[in-house]
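A, B, ... follow the sequence lines: proteins, then strands. Residue 1 opens every chain.
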Amino acid sequence: MLPEERNHWLATHVLPHEGDVRSWLRRFSGIESDDIIQQAWVELAEADHTSIRFPRAWFFAVARNLVLQHYRKARIVSFDSLTDFSGAEIPDQGQAVERSVTARQELRFLDQVARELPDRCRDVFVLRRFYGYSQRECALHLNVSENVVEKQLARALRIIGTAYAGRDLPAQGGGHGPGDLRKGKSNP
Amino acid sequence: MGPVTCGRENPTPESIAADWVARMDRAALTAGEQGELDCWLGADIRHRGAMIRAQVVWQATERAAALRPGAGAGAPQAVRPPESFAAPHPLPARSLSRRAMVAAAAGVALGAWPAPSREMGRFYSVRDAAPRSVEIAGGTVRLDCFSGLLVGGAAARLLDGRCVLSSRREARLDAGSLTFRSVGRVQVSIAGDRTTGLLLSGSAVAIRQGTGERFTLRAGDCLTMGAGSAPRLRGLTADELARATNWERGVVELQGETLGDAATIFNRYNAKKLMVHGQAGGRVLMGSFALDDPDTFARVARGVLHVDYVASARRLDIY
């Protein structure tokens, strides 16, 4: 899979669930959820996506394994942490739910996030991503330097990334449980 | 110097990764920047994760194009049309009238999109799509994919990419450091710091801005002007002319290019992408094909080269 295809797949099927995974990780003491999430993204990117049927459950399973690895490597693990981990069910497992994100939900989310960007940042972001202008074209249109455009885009990306991290998806029914994460494969 | 060493104190990996993604969106990294990025990525697996995540978030924002007015995604609230932002270059921001600014602000407040203001000029951009025609004073500009054109009053400026200016009376088009005044058809392109003008028919003169130096073009003449190099004027052969203008006639002419090369050309003009896998990428197919019809190209490749393909709504995978 080409990097662009991979990123498209991850953006569509995995990224929307990051907020829920982060919320779930907060129950574990002694770990940095940012570290777990960053390591999870490496594993998510390196996997064969064509065999993954339930991306949300897969994301949770990857994060869970990384937490477990962390505890195994740690020289000192509190009793509370072990208790937390042993009692930590992956969300939705009992409900047999694989939440999906519709294109309309995703657009509504992006529209909301874009509205909340600072003014100059929003102008640059809208021109670049909504209208497809190049950074050079954005700079010409807004009468600012390309450096300003680049900086404002990076700023927008940070804000949008934070929004995804804090996103809380509403539950939907009718999906599948994470017990069958990959075709013909056991859970990671 | 790349983003790693710039900016804030104690930046987080997410912050640094966002800087890199924005930098890479601007232009290809230099060798030095690439080395700096590789060094940062190799220093900690969390850096790699932050980078992948930033790229995925960036990818996620691509679908925001559907929120553009007229794209059919309902009534977005964040989007204002480009005409309502600020004065486009080269107009200084102060040239905006209070009326125009109030109109733009009111449009946003009411959830309605203000009509473009003439004094602001209009910006036209074509991405990975078929060429598009734009009326300008005295003529018509046919804009190639991945090209940008700024039109304001009697002036038009090609900002990037390639176009053909067609006119029955004298029309003017600025590009880079050149101004073209032509009657007939002239193809103008910008690539980096190089501006090229190719007269296809009629007559044209290219005027170097600043010095006023004039170059008279005859049909078939190609003028190339690069920063720091002497202007070059030469006549193209009939074959060279045909190849240089294939895009405007909607033709892909393959004379020894591989399927991989052909896919790159088709993908520049079509939302439906050709993806060539494995050894098929090195196979060679010759002939002329319609630029906007990748399906037919895939069918011919299957018939001639005995490769296989799978078609879906957004892509054609050739194996």
> Do Arg53(B) and Gln38(A) pass the side-chain contact (heavy atoms from CB on, under 4.5 Å) test, and can you show the C-alpha distance, the side-chain angles, and the key distance before you say yes or no?
Replying inline: CA-CA 8 Å; Arg53(B) 181 178 183 273; Gln38(A) 283 156 5; 6.0 Å; no

Of the non-hydrogen atoms in [X] and [Y], which two are nearest, and what is the gap between them?
| X | Y | value |
| --- | --- | --- |
| Gln59(B) | Ala11(A) | CG-CB, 4.0 Å |
| Leu110(A) | Ala60(B) | CD1-O, 3.6 Å |
| Arg129(A) | Trp58(B) | NH2-O, 2.7 Å |

Most heavy-atom pairs under 4.5 angstrom with chain B, which of [options]?
| options | result |
| --- | --- |
| Ile160(A), Leu10(A), Asp35(A), Val14(A) | Asp35(A) |
| Gln39(A), Glu146(A), Glu43(A) | Glu146(A) |
| Glu116(A), Gln152(A), Glu18(A) | Glu18(A) |
| Leu153(A), Val149(A), Asn147(A), Val113(A) | Asn147(A) |

>> With a sphere of 6.0 Å drawn around CD of Glu46(A), does it hold more than 12 non-hydrogen atoms of other residues, nucleotides or ligands?
In response: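 Atom CD in Glu46(A) is crowded, with more than 12 foreign heavy atoms closer than 6.0 Å.
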
Could you look at [X] and say if it's the side chain, the backbone, both or neither that has a heavy atom under 4.5 Å from chain B?
| X | answer |
| --- | --- |
| Ala165(A) | both |
| Glu32(A) | neither |
| Arg136(A) | side chain |

>> Whether the side chain of Gln135(A) engages the backbone of Ala22(B) through a donor-acceptor N/O pair (distance < 3.5 Å, no angle test) should be reported.
In response: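 Checked: pair present.
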
> Quick one: does Arg48(B)'s side chain have a donor or acceptor within less than 3.5 Å of a partner on Trp41(A)'s backbone?
Replying inline: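 A pair under 3.5 Å: no.
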
>> If I take atom OH from residue Tyr124(B) and atom CD from residue Glu137(A), how far apart are they, to the nearest 0.5 angstrom?
In response: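 The CD atom of Glu137(A) is 14.0 Å from OH of Tyr124(B), to the nearest 0.5 Å.
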
>> To the closest 0.5 Å, what do you measure between SG (Cys138(A)) and CZ (Arg26(B))?
In response: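 Going from the SG atom of Cys138(A) to the CZ atom of Arg26(B) covers 11.5 Å.
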
>> What I'd like to find out is whether the side chain of Arg6(A) reaches to under 4.5 Å of the side chain of Gln55(B), using heavy atoms alone.
In response: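 Side-chain contact under 4.5 Å: yes.
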
> Looking at side-chain heavy atoms only, is the closest gap between Leu140(A) and Leu150(B) below 4.5 Å?
Replying inline: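 Sidechains of Leu150(B) and Leu140(A): no contact.
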
> Between Asp44(B), Asp25(B), Val21(B), Ile45(B), which shows the greatest number of heavy-atom pairs under 4.5 Å with chain A?
Replying inline: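 Max contact count across the listed options: Asp25(B).
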
> Run the salt bridge (Lys or Arg N to Asp or Glu O under 4.0 Å) check on Asp19(B) and Arg158(A) step by step: do they pass?
Replying inline: CA-CA 9 Å; Asp19(B) 287 342; Arg158(A) 280 193 288 275; 2.9 Å; yes

> Can a salt bridge be assigned to the pair Asp34(A) and Arg46(B) using a cut-off of 4.0 Å between side-chain N and carboxylate O?
Replying inline: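 No, no charged N to carboxylate O under 4.0 Å.
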
>> With side-chain contact (heavy atoms from CB on, under 4.5 Å) as the criterion, how do His8(A) and Val56(B) come out once you've worked through the C-alpha distance, each side chain's angles and the decisive distance to 0.1 Å?
In response: CA-CA 7 Å; His8(A) 183 266; Val56(B) 169; over 6 Å; no

> What class does the angle between the rings of Phe123(B) and Tyr133(A) fall in, given that below 30° is parallel, 30 to 60° is tilted and above 60° is perpendicular?
Replying inline: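 Phe123(B) and Tyr133(A): tilted rings.
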
